[in-house]
Student: 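First the structure, then my questions, so here it is.
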Amino acid sequence: MSTGLAITLIVVALIVGLVGGFFIARQYMMKYLKENPPINEQMLRVMMTQMGRKPSEKQIKQMMNQMNKLR
């Protein structure tokens with residue numbers, strides 16, 4: 001096998017691996033976000049109500065800001 005052919009096959013395999021990996025990772029993330037959506041304001045209200053608290057709009061906004069800072 002010539003050196004040029006070996007290099008070409010390695011480069012092609014690398015490109016195929018990168019493209020395949022990208023689409024597999026994309027599909028995995030789409031599935032993950034569908035099963036575990038990010039927290040929104042309505043979810044915070046429900047969680048606080050379940051814990052026995054009646055959240056004000058100010059508290060909800062503060063918690064959302066805190067969570068967005070952590071990202």
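Note that the structure is a prediction, hence the values are computed from the model and not measured.
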Student: To the nearest 0.5 Å, how far apart are CG in Leu44 and CD in Gln66?
Tutor: 11.5 Å
Student: With rounding to the nearest 0.5 Å, note down the distance linking CD1 in Ile10 to CD1 in Ile15.
Tutor: 12.5 Å
Student: Could you tell me which non-hydrogen atom of Arg45 sits nearest to which non-hydrogen atom of Thr49, and how far apart they are?
Tutor: O-OG1, 2.7 Å
Student: Check whether any side-chain heavy atom of Gln27 lies under 4.5 Å from a side-chain heavy atom of Ile24, and answer yes or no.
Tutor: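 The answer is no; the side chains never approach within 4.5 Å.
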Student: For Met64 and Ile39, which heavy atoms make the closest approach, and how far apart are they?
Tutor: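 Closest pair (atom of Met64, atom of Ile39, distance): CE-O, 4.0 Å.
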Student: Which distance, rounded to the nearest 0.5 Å, do you find between the CG of Asn36 and the NZ of Lys31?
Tutor: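 Atom-to-atom, Asn36:CG and Lys31:NZ are 10.0 Å apart.
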Student: Can you measure from CD (Glu35) to CG (Leu33) and round to the nearest 0.5 angstrom?
Tutor: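 Rounded to the nearest 0.5 Å, the CD-CG separation comes out at 10.0 Å.
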Student: For Glu57, I'd like to know if atom CD has over 12 heavy atoms of other residues, nucleotides or ligands within 6.0 Å.
Tutor: yes
Student: According to a hydrophobic-cluster definition based on side-chain heavy atoms being under 4.5 Å apart (Ile, Leu, Val, Met, Phe, Trp, Tyr only), do Val12 and Phe23 belong together?
Tutor: no
Student: Taking C-beta and beyond as the side chain, do Ile60 and Met48 meet within less than 4.5 Å on heavy atoms?
Tutor: yes
Student: Heavy-atom distance under 4.5 Å between the side chains of Lys61 and Glu41, does that happen here?
Tutor: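 Sidechains of Glu41 and Lys61: in contact.
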